[in-house]
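Order of the sequence lines fixes the chain letters, A, B, ..., with proteins taken first and strands second; residue numbering starts at 1 for each chain. All figures in this text were calculated on a predicted structure; none of them were measured in a lab.
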2 protein chains.
Amino acid sequence: MAATLKDISAELGLSVATVSRALNGFPEVNEKTRVRVRAVADRLGYQPNRVAQRLVTGRSGMVGMIARLNADMTADQTFMEILAGLTAALGARDVDLVLNVDQHSDPVVPLRKLYERGILDGFILNAPLIDDPRVAYLQSKGIPFVMHGKHSATADYPYYAIDNARVSADAVDYLVARGHRRIAFLNGEAHHAFAAERRQGFDAAMARAGLKVPDWAIRNAPPSVDYGFDAATALLTARDGAPPTAIVCASTLIAVGVLRAAQLLGIEVPQDLSVVAHDDGLPQVVSDELETPLTVTRSPLREACVPLAEHMVALLEGAEPAGLQTVARADFIKGKTTAEVPNGGEETWL
Amino acid sequence: MAATLKDISAELGLSVATVSRALNGFPEVNEKTRVRVRAVADRLGYQPNRVAQRLVTGRSGMVGMIARLNADMTADQTFMEILAGLTAALGARDVDLVLNVDQHSDPVVPLRKLYERGILDGFILNAPLIDDPRVAYLQSKGIPFVMHGKHSATADYPYYAIDNARVSADAVDYLVARGHRRIAFLNGEAHHAFAAERRQGFDAAMARAGLKVPDWAIRNAPPSVDYGFDAATALLTARDGAPPTAIVCASTLIAVGVLRAAQLLGIEVPQDLSVVAHDDGLPQVVSDELETPLTVTRSPLREACVPLAEHMVALLEGAEPAGLQTVARADFIKGKTTAEVPNGGEETWL
DNA sequence: TTCAAAACTCAAAACGTTTTAAATCGAAGG
DNA sequence: CCTTCGATTTAAAACGTTTTGAGTTTTGAA
């Protein structure tokens, strides 16, 4: 049914070899011939048979990705956002994405299963954990992969990540410069690498300012509005010590909860409380939920997709993994949720 | 690296043909030979090269699916639920799922793009619309597909669907039998085929009971808690006529909103108001959100996945599409949100 | 002992591509 | 006029499997 190289070669009286070379842009084929070949190929609607290509080249042009679902079977927005951008970016580079859904507690199982099907060139991973077992598995097997994020400071594989330590350091520095001394931190889950980096940046910036933070003012949980609401309520009505004058949030979702809690408690933002969040650029979260623009560190997830796809392609073409490591810096965007420390808020915690 | 048929045949002094047949269970190979072959294959860890298999069989073993995202980049739970079940069910049948994300207004575009990559054997479609353009496209091109749901009563392609007309008819019949006369219907979006079928079943059952429903008591919107809440609030405080004594909901999400609205209005369920919903068996929605068990028509989305995968495989193996049409019936499960019509509620609407 | 039928096995072709090594051609150089 | 070189093009092998059509044994009856 579909046109093959043989069809084209027969029609032109050329050999399949020449036709193949012409279409693949080899230099040794006469330009006139190339034009003729391309014309016939277009007319016949020739599409190379990827299975045959794969058989001879040993590559399939397909990469795998595993969807980790929440317990309630929803994929979080961040995953879907990446997925949307990635299928587009990969598609533009002639790579297809095979998806599987993780139903196991062990994240390596779906990876192994999918790989053993024998059809994939590599994987795209996201949401790295500290000591991510997927990294260990893939590296031990020599399976190519690209990570969105990086699981440790010494990651020796291709990745696209943002400078998470800097994200929280930027937030802290900005707040400290405005006189804030009691800064709380609503972080992501502790086992996520990004949260560990954020924590590290937070701690370092606070230390530079000579400030200490009690344990109860640094929290870890999966980002959600409820988490922000509950944590902020607890922080702002704390009996353990003075309430924070500023809260750094790992995501805008959390910040939304914080703002709601503050409103309910009659605490004015930014007069009484400053809020800084990290913004992944998810479409809805910012626009719909917020009347006041947040002060954020911003790095849209979408921007990661093209570099990720490019790294993947380069990796499969044999590039050195060491050259495929990108760290982007998040923008700092002043909104209306940060202000000078309120009167009486200068006292430090410890 | 990996063992091939040739390796096995060389080791045993057999031809690759015999080895191939032995491993594939052909009847004409000697049982003793088969045992020997299998032993060596196991020892060598032989895994058939799928690419080579596919080249010769002309099939790729991959089917495509398009994720339609909401405006906020979240995939709805129903899609993810199907995706999760489907990747498992297809994987068990040696079929892989290639995913693309729909970023277009025209649903045919991503389908066409993906197909023209030339790597897919077929598609799995979900959420059919009335006069679904995807059906027209795929049928005109002769591309195999299986639908979750069906876009019209005369669908002549493979599908797995539930009897949606019966779903709402069952709900209405049950309520009518309990004396209800004023039954409202919070349906899904009108252009979805399932919603049209539900509406048809609702209308038919109401007509059989000799009842009429004013336009304002039948609503269409994407299922969500907010929709249920808003619509119920409007219905129960209606100035247009007597409020309904029962509400049929297209999804449990909607019902959750209805229950909240009723509670806020001081309306007791089920004493003052009966609520019936259709339950897709999504993990969270029922368990977390509800204290009182809903009366539901129930058909877990998960149950659709294995039949869908089986239909797909059968279709690709050349089965007649007409034999691959399954219509399942939803269970009716009495909960605690339905009761006899309240006193004074017997009056009809029109 | 022979022979046909059954049982089993094999060599080779096919799938559609890439790639290696060799062949062809025309023109330039001697 | 012969050689050589560069520019093109080609035939053929290779990837690993399935499958076709043709052997080659074995079996059982004549």
Interatomic distance, [X] atom [atom1] to [Y] atom [atom2] [nearest 0.5 angstrom]:
X: Tyr160(A); Y: His148(A); atom1: OH; atom2: NE2; answer: 7.0 Å
X: Asp156(A); Y: Gln325(A); atom1: CG; atom2: CD; answer: 7.5 Å
X: Asn100(B); Y: Leu83(A); atom1: CG; atom2: CG; answer: 8.5 Å
X: Leu5(A); Y: Asn49(A); atom1: CG; atom2: CG; answer: 9.5 Å

What is the separation between atom [atom1] on [X] and atom [atom2] on [N], rounded to the nearest whole Å?
X: Leu14(B); N: dT25(D); atom1: CG; atom2: C1'; answer: 14 Å
X: Arg21(B); N: dG21(D); atom1: CZ; atom2: P; answer: 12 Å
X: Arg59(B); N: dT18(D); atom1: CZ; atom2: C1'; answer: 13 Å

Do the charged groups of Arg329(A) and Asp163(A) touch, with an N to O distance under 4.0 Å?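 Salt bridge between Arg329(A) and Asp163(A), a charged N being under 4.0 Å from a carboxylate O: no.
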Heavy atoms only, 4.0 Å cut-off, all strands: where does Glu28(B) land among base, sugar-phosphate and nothing? base
Just checking Thr4(A): base, sugar-phosphate only, or nothing, at a heavy-atom cut-off of under 4.0 Å? sugar-phosphate
Judged by each residue's nearest nucleotide on DNA chain C, which is more toward the 5′ side, Glu31(B) or Thr57(A)?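 By nearest-heavy-atom nucleotide position, the 5'-most residue is Glu31(B).
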Heavy-atom nearest nucleotide on DNA chain C taken for Val16(B) and for Ala52(B); more 5' hit belongs to Val16(B)
Using the benzene-type ring in the case of Trp, are the ring centres of Tyr157(A) and His151(A) under 6.0 Å apart?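 Yes, close enough.
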Which two nucleotides bound the region of DNA chain C that has atoms under 4.0 Å from heavy atoms of chain A, read 5' to 3'? dG16(C) to dA21(C)
Does Asn24(B) put a side-chain nitrogen or oxygen below 4.0 Å from OP1 or OP2 of dT18(D)? yes
So, is Thr18(A) close to the dT9(D) phosphate, meaning a side-chain N or O under 4.0 Å from OP1 or OP2?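 For Thr18(A), the contact criterion (side-chain N or O under 4.0 Å from OP1 or OP2 of dT9(D)) is not met.
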